[in-house]
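One structure is given here, and the rest of the page talks about it.
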Amino acid sequence: MTTFRVGGTADVLADVRSVDELRRVLSVAGQAGVTVTLLGGGSNVLVSDAGVRGIVVRLRLMDLSQSSPTVVRAGAGVTMNGLVRWTIGRGLSALEAWAGTPGTVGGAICGNAHYGGRNIGDLVTRVSLMAPSGVVMELGADDMSFAYDTSRLQRTREVLLWAEFGVGSGVPDALRAVARASLAHRKRTQPLDVPSAGCVFQNPDPARDVVPHGIPPSAGALVDRAGLKGHRVGGAMISTAHANFIVNDGRASAADVHALIETARAEVRARFGVELRNEVVTIGEF
Ligand SMILES: Cc1cc2nc3c(=O)[nH]c(=O)nc-3n(C[C@H](O)[C@H](O)[C@H](O)COP(=O)(O)OP(=O)(O)OC[C@H]3O[C@@H](n4cnc5c(N)ncnc54)[C@H](O)[C@@H]3O)c2cc1C
């Protein structure tokens, strides 16, 4: 259930198909004192080999609609690629460059996914969230605390139910060309034929991190300059195509991936004095 293809099982897996079902799951979990973990497309997570205690919820809220000429609403379970295809087919512009982003609207909003220097939060106009208490609220994007790789959802444990995106109008063929260019760029620069979770580390924060002169301020460049491309722990390897990707050769355990992440972090710290922070979300005990 994750793109890394590692990790153990959940105690309970709940495929949730409506807002009412989600409220019931949260209520039962609250009464039983059991943890609830949201899983979208599983493309940005590292699940421990021991698995996940409590309930893992996959939200199957798949509605897609156009709320006005300039706004599209997508349920949290809609895949980003599905949303891109849907908008392009209707001649709606804004999302076409996001073609090829794995995962769901829920995961993209939670981590404020980024591509080509833009954050998905920049396109969001409104969201609906469910608090752990079951209360549903609607918020504007300004209340989402969007920042690089960050949203309020990581802090509040609220669940995204849907998001609205601002769109313009475009010619489907032209939008399709932009989407194809994004897909081609990913194919050229990312190891897409092997399991991974995309970029493992966040890029350094110019406000906090001092990257030595002559090294581009990206996590991939730091891992690369530390000489770690191709470095392995068990079945996990730092990709030779993209140093910020760890790939699974089919035999990796979550412990292998985790050990390799810590090796890369320690090596970059020792060589360049930069503390890399995880972009990938770890779930379970490590
Ligand atoms: C090949 C590859 C390329 C990638 N390229 C990019 C890229 O260009 N840019 C980028 O930013 N990322 C990229 N990623 C990482 C990943 O695709 C994104 O982070 C994606 O947005 C994660 O979505 P998901 O649905 O898979 O979330 P998951 O991995 O399932 O979950 C991620 C987090 O979101 C939370 N979450 C999920 N749904 C909800 C919800 N409804 N409400 C609240 N919280 C929720 C989860 O609890 C978890 O904490 C890439 C990954 C791969 C494998």
Side-chain angles (χ1 to χ4, degrees), residues 1-7 10 13-14 16 19 22 25-26 35-47 52 54-62 74-84 97-122 127-132 136 144 146 148-163 182-183 185-203 218-220 239 241-242 244-248 257 278-284:
M1 297 199 178
T2 70
T3 57
F4 248 143
R5 304 249 175 271
V6 298
L13 175 71
V16 167
V19 171
L22 177 64
V25 169
L26 294 183
T35 312
V36 173
T37 304
L38 263 291
L39 188 67
S43 64
N44 196 36
V45 292
L46 174 62
V47 173
V52 193
I55 305 175
V56 171
V57 168
R58 289 195 306 181
L59 268 191
R60 302 303 202 186
L61 303 178
M62 311 301 278
V78 172
T79 63
M80 284 303 291
N81 282 315
L83 174 61
V84 168
W98 294 83
T101 309
T104 60
V105 167
I109 300 287
C110 178
N112 196 11
H114 48 88
Y115 181 73
R118 295 203 65 190
N119 298 324
I120 196 71
D122 299 343
V127 299
S128 174
L129 309 179
M130 186 182 283
V136 172
M144 283 297 287
F146 282 127
Y148 174 66
D149 263 343
T150 310
S151 80
R152 70 183 265 156
L153 303 184
Q154 293 155 335
R155 151 171 65 82
T156 60
R157 315 282 304 166
E158 293 153 338
V159 180
L160 181 94
L161 303 176
W162 52 253
S182 283
L183 292 170
H185 176 75
R186 286 179 182 279
K187 214 170 167 183
R188 263 197 321 276
T189 56
Q190 300 179 349
L192 299 181
D193 51 343
V194 269
S196 80
C199 288
V200 165
F201 298 112
Q202 297 179 350
N203 286 324
S218 80
S239 165
H242 190 315
N244 202 9
F245 275 53
I246 288 179
V247 293
N248 171 6
V257 176
N278 281 15
E279 179 163 322
V280 72
V281 177
T282 51
I283 298 179

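Given the structure is predicted, the values throughout are model-derived calculations rather than measurements. Counting starts at 1 for both ligands and their atoms, in listed order.
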| Expected output: side-chain Thr37 to main-chain Val56 donor-acceptor under 3.5 Å | no
| said: Please report whether ligand 1 has a polar contact with Asn44, defined as an N or O pair separated by less than 3.5 Å (distance criterion only). | reply: yes
| task | Indicate yes or no for a side-chain donor-acceptor contact from Asn203 to the backbone of Ala219 under 3.5 Å, with no hydrogens or angles considered. | result | yes
| Do Asn119 and Asp122 touch side chain to side chain, with heavy atoms closer than 4.5 Å? | yes
| message | Below 4.0 Å, non-hydrogen atoms only: which portion of Leu192 touches ligand 1? Side chain, backbone, both or neither. | response | side chain
| field | Min N/O separation Thr37 to ligand 1 under 3.5 Å | value | no
| said: In the structure I gave you, are the side-chain heavy atoms of Val36 and Leu26 within less than 4.5 Å of one another anywhere? | reply: yes
| field | Close-contact set for ligand 1 against Gly40 heavy atoms, below 4.0 Å | value | 25 (O), 28 (P), 30 (O), 37 (C)
| Donor-acceptor pair, Asn81 side chain versus Gly100 backbone, under 3.5 Å? | yes
| field | Parallel, tilted or perpendicular: rings of His114 and Tyr148 (30°, 60°) | value | tilted
| query | Which option, Ala113, Gly77, Gly106, owns the non-hydrogen atom nearest atom 38 (N) of ligand 1? | reply | Gly106
| query | Purely on distance, is any nitrogen or oxygen of Glu158 under 3.5 Å from one on ligand 1? | reply | no
| field | Trace of the side-chain contact (heavy atoms from CB on, under 4.5 Å) decision for Arg186 with Thr101 | value | CA-CA 9 Å; Arg186 286 179 182 279; Thr101 309; 3.1 Å; yes
| task | Starting from atom 28 (P) of ligand 1, locate the nearest protein heavy atom and write down its residue, its atom name and how far away it is, to 0.1 Å. | result | Gly42 N, 3.6 Å
| Close-contact set for ligand 1 against Ala108 heavy atoms, below 4.0 Å | 21 (O), 23 (O)
| task | Please confirm whether the backbone N or O of Gly121 pairs with a side-chain atom of Asn112, one donor and one acceptor, at under 3.5 Å? | result | yes
| field | Residue, atom name and distance, where the atom is the protein heavy atom closest to atom 41 (N) of ligand 1 | value | Leu160 O, 3.2 Å
| message | Heavy-atom distances under 4.0 Å decide this one: backbone, side chain, both or neither, for Gln190 against ligand 1? | response | side chain
| field | Protein contact to atom 49 (O) of ligand 1 [nearest heavy atom, distance to 0.1 Å] | value | Val281 CG1, 3.7 Å
| field | Test item: protein heavy atom less than 4.0 Å from atom 13 (C) of ligand 1 | value | no
| field | Audit row: Met1, Val47, side-chain contact (heavy atoms from CB on, under 4.5 Å) steps and yes/no | value | CA-CA 10 Å; Met1 297 199 178; Val47 173; over 6 Å; no
| task | Specify the protein heavy atom at minimum distance from atom 32 (C) of ligand 1: its residue, its atom name, and the distance to 0.1 Å. | result | Val45 CG1, 4.0 Å
| Which option out of Pro102, Gly111, Gly41 puts a heavy atom nearest to atom 20 (C) of ligand 1? | Pro102
| query | Among protein heavy atoms, which lies nearest atom 22 (C) of ligand 1, and at what distance? | reply | Ser43 OG, 3.4 Å
| said: Suppose we measure from atom 10 (C) of ligand 1 to each protein heavy atom; which comes out shortest, and what is that distance? | reply: His114 O, 3.4 Å
| task | Could you find the nearest protein heavy atom to atom 35 (C) of ligand 1 and give me its residue, atom name and distance? | result | Cys110 SG, 3.6 Å
| field | Under 3.5 Å donor-acceptor, Ser182 side chain and Ala97 backbone | value | yes
| task | Would you mind reporting whether Phe4 and Ile246 have side-chain heavy atoms less than 4.5 Å apart? | result | yes
| Can you tell which part of Cys199 has a heavy atom less than 4.0 Å from ligand 1: side chain, backbone, both or neither? | neither
| task | Work out whether the distance between some heavy atom of Leu59 and some atom of ligand 1 is less than 4.0 Å. | result | yes
| Those atoms of ligand 1 less than 4.0 Å from some heavy atom in Ala76 | 41 (N)
| Under 3.5 Å donor-acceptor, Arg157 side chain and Gln154 backbone | no
| request: Look at atom 8 (O) of ligand 1 and say which protein heavy atom is nearest, naming residue and atom and giving the distance to 0.1 Å. | output: Arg186 NH2, 3.0 Å
| task | Measure the shortest side-chain to side-chain distance between Cys199 and His242 over non-hydrogen atoms and say whether it is less than 4.5 angstrom. | result | yes
| Result of checking Leu161, Val136, Leu153, Val159 against Leu129 for side chain to side chain contact (heavy atoms under 4.5 Å, CB included) | Leu153
| Going by the order shown, which atoms of ligand 1 are within less than 4.0 Å of some heavy atom of Gly107? | 21 (O), 23 (O), 24 (P), 25 (O), 27 (O), 34 (O), 37 (C), 38 (N)
| So Tyr115 and His185, side-chain contact (heavy atoms from CB on, under 4.5 Å) or not? Walk me through it. | CA-CA 11 Å; Tyr115 181 73; His185 176 75; 3.4 Å; yes
| field | Atoms of ligand 1 close to Thr104 [distance to a heavy atom under 4.0 angstrom, numbered from 1] | value | 23 (O), 24 (P), 25 (O)
| note | Filtering Leu38, Leu129, Leu153 for the heavy atom nearest atom 47 (O) of ligand 1 leaves Leu38
| message | At less than 4.0 angstrom from any non-hydrogen atom of Gly103, what atoms of ligand 1 do you find? | response | 23 (O), 24 (P), 25 (O), 26 (O)
